Amino acid sequence: MQIIQDIETIKEPFKSAVITIGNFDGVHIGHQALFHEVIERAEAMDGTAIAMTFDPHPIRVIKRNGNPPLITLYEQKAELIEKAGIDVLICIPFTMDFAALSARTFVEEILVKRIGMKAIVVGQDYTFGNRREGNVELLKQYAAEMGFEVIVAEWIQSTNADSDRISSTAIRELVMEGDMEKAGKMLGRNYQIRGTVARGRDRGGKLLGIPTANINLQDELCPKAGVYAVIVNYNGRRYPGVANIGYSPTFDDNVFTVEAHILGFKKDIYGEKIMVNFVQRLRGEIKFSGIDELIEQIDRDIAKAREILAPHLKT
Ligand SMILES: Cc1cc2nc3c(=O)[nH]c(=O)nc-3n(C[C@H](O)[C@H](O)[C@H](O)COP(=O)(O)O)c2cc1C
Ligand SMILES: Nc1ncnc2c1ncn2[C@@H]1O[C@H](COP(=O)(O)OP(=O)(O)O)[C@@H](O)[C@H]1O
């Protein structure tokens, strides 16, 4: 996948560009369906499948809806879009100047003239341009005038019985409630955080005999405090694990940590990158009266996690 960070570097329009535009936070199954549609159309036209996204996330720049943490940071988002099969990812640095572009200028100058858009795939509620003045109706007017096709994608319903609409907001809420199974269904994969292993309080290995790799979150969404069955990616492999998120109330230092104990693993991995995939929340954090009770409980957590994770690690 080609990645373009600066549209000025696009010197000539792409061949029959089929494009979809969005923040795609989470790259959930609804986003994946849009990409699928783009790829199919592009293939039929012998054209180029393009996704356009923004970094930083527009809500960070416009601050209309506060500052919600992100489901996917840029690196993972780009990886997932590539995996979906998109040919070109155009990542626009979202600035106040960009936000001020009129809908017409954006469509005519950027999408049609520079990128060579021949078709655009959007959801029904797509809005764009300064103050969200552009919508599907306006896009259809421009389409007739400027000569491109507008494809309005059907909404993807959740596979859950309550058929919630799949949305980044719904997924954020599920992750914050610790409902990783439901979040995972909407994402089409487990919710993941990634980071570099940092030093903790030097208790896990020495005091408890259960070393934990601590990671500091950047801007991403933190699941509800508690204990989770997780799959850890390290060095290209997948390991079962248990993670703890919270303040470890048995100890009184009141420091918030995200940490994972990797099962069947023994190695110093400070400074190395790991990815933690949340499969299921097991319980909330407990303030134990002593270290022995804490260790016994963690042993039970590990046994339960092994059971939950076994089917996930078969492949
Ligand atoms: C699976 C798991 C469950 C945990 N549950 C609790 C808990 O219920 N209460 C608590 O105070 N600490 C809990 N901890 C946190 C440990 O106290 C923590 O790993 C320890 O303080 C090590 O910290 P360190 O990595 O900074 O050295 C848990 C840790 C793990 C790995
Ligand atoms: N099975 C394991 N799971 C997680 N980390 C491990 C494991 N085995 C060794 N380690 C290493 O031990 C470190 C954690 O040790 P710990 O005693 O909990 O200290 P800290 O307080 O620095 O987290 C990890 O950062 C990692 O480098």
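Bear in mind that the values here come from a model prediction, so they are computed numbers and not experimental data. Reckoned from all heavy atoms, side chains included, excluding hydrogens, waters and symmetry mates.
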Counting only N and O atoms by type, is there a donor-acceptor contact under 3.5 Å from the side chain of Ser167 to the main-chain atoms of Ala170?
yes
Side-chain donor-acceptor contact under 3.5 Å, Thr169 with Glu173
no
Check side chain to side chain contact (heavy atoms under 4.5 Å, CB included) between Lys206 and all other residues, then give those that pass, not counting sequence neighbours.
Asp202
Spell out, yes or no, whether Ile92 and Ile120 are grouped together once hydrophobic residues are joined by side-chain heavy atoms under 4.5 Å, including indirect joins.
yes
Other hydrophobic cluster members with Val38, side-chain heavy atoms of Ile/Leu/Val/Met/Phe/Trp/Tyr under 4.5 Å, chained?
Met1, Ile3, Val18, Phe24, Val27, Leu34, Phe35, Ile39, Met45, Tyr74, Leu80, Ile81, Ile86, Leu89, Val121, Ile151
Any side-chain to backbone donor/acceptor pair from Glu133 onto Ala103? Under 3.5 Å, distance only.
yes
Partner set under salt bridge (charged side-chain N to carboxylate O under 4.0 Å, His left out) for Asp253, not counting sequence neighbours:
Arg201, Arg203
Sequence-distant partners of Glu220, side chain to side chain contact (heavy atoms under 4.5 Å, CB included), two or more places apart:
Leu73, Tyr191, Ile193, Leu217, Gln218
Spatial distance of atom CZ (Arg189) from atom CG (Asn277) [nearest 0.5 Å]
9.5 Å
If you measure from CD1 on Ile7 to SG on Cys91, what distance do you get to the nearest 0.5 Å?
11.5 Å
Rounded to the nearest 0.5 Å, what separation is found between the CD1 atom of Ile245 and the OG1 atom of Thr257?
9.0 Å
Side chain His261, main chain Pro211, donor-acceptor under 3.5 Å:
yes
Between Glu8 and Arg114 (salt bridge meaning N to carboxylate O under 4.0 Å), is one present in this structure?
yes
Does some side-chain heavy atom of Arg104 sit less than 4.5 Å from a side-chain heavy atom of Met146?
yes
Enclosure of Gln124 CD (heavy-atom neighbours >12, cutoff 6.0 Å):
yes
Let me check something: do Ile231 and Val242 share a hydrophobic cluster, defined by ILVMFWY side-chain heavy atoms less than 4.5 Å apart, either directly or through other members?
no
Under 3.5 Å, side chain of Arg41 to main-chain N/O of Ala119, donor-acceptor pair present?
no
Can you tell me how far CZ of Phe288 sits from CZ of Phe251, rounded to the nearest 0.5 angstrom?
10.5 Å
Over 60° means perpendicular and under 30° means parallel, so classify the ring planes of Tyr247 and Phe256, tilted if in between.
perpendicular
I'd like to check Ile4 versus Ile10 (side-chain heavy atoms, cut-off strictly below 4.5 Å). Are they in contact?
yes
Ignoring hydrogens and geometry, is there a side-chain-to-backbone donor-acceptor pair from Ser168 to Gly26 under 3.5 Å?
no
Distance, nearest 0.5 Å, that separates OG1 of Thr127 from CZ of Arg132
4.0 Å
Do Leu294 and Ile286 touch side chain to side chain, with heavy atoms closer than 4.5 Å?
no
Just by distance, do the side chain of Thr212 and the backbone of Glu259 share a donor-acceptor pair under 3.5 Å?
no
Residues Glu285 and Asn244: side-chain donor-acceptor under 3.5 angstrom:
yes
Tell me whether Arg281 is salt-bridged to Glu181, with the criterion being a basic N under 4.0 Å from an acidic carboxylate O.
no
List the residues meeting side-chain hydrogen bond (donor to acceptor under 3.5 Å, both in side chains) with Asp252, not counting sequence neighbours, and say none if there are none.
Lys287
Measuring from atom CG of Asp301 to atom CZ of Arg306, what distance do you get when rounded to the nearest 0.5 angstrom?
12.5 Å
Does the side-chain contact (heavy atoms from CB on, under 4.5 Å) test come out yes or no for Val276 and Arg194, once each step is laid out?
CA-CA 6 Å; Val276 181; Arg194 4 180 115 178; over 6 Å; no
Tyr234: what forms a side-chain hydrogen bond (donor to acceptor under 3.5 Å, both in side chains) with it, not counting sequence neighbours?
Lys267, Glu272
State, to 0.1 Å, how close Thr9 and Asp6 come at their nearest heavy-atom pair, and which atoms those are.
OG1-O, 2.6 Å
Would Asp25 and Lys77 pass as an ion pair if we require N to O under 4.0 Å?
no
Could you walk me through whether Val88 and Phe14 satisfy the side-chain contact (heavy atoms from CB on, under 4.5 Å) test, starting with their C-alpha distance in whole Å, then the side-chain angles of each, then the deciding distance to 0.1 Å, before giving a yes or no?
CA-CA 10 Å; Val88 181; Phe14 290 96; 3.9 Å; yes
Do Tyr239 and Met180 sit in one hydrophobic cluster, given that two such residues count as connected whenever their side-chain heavy atoms are within less than 4.5 Å of each other, even indirectly?
yes
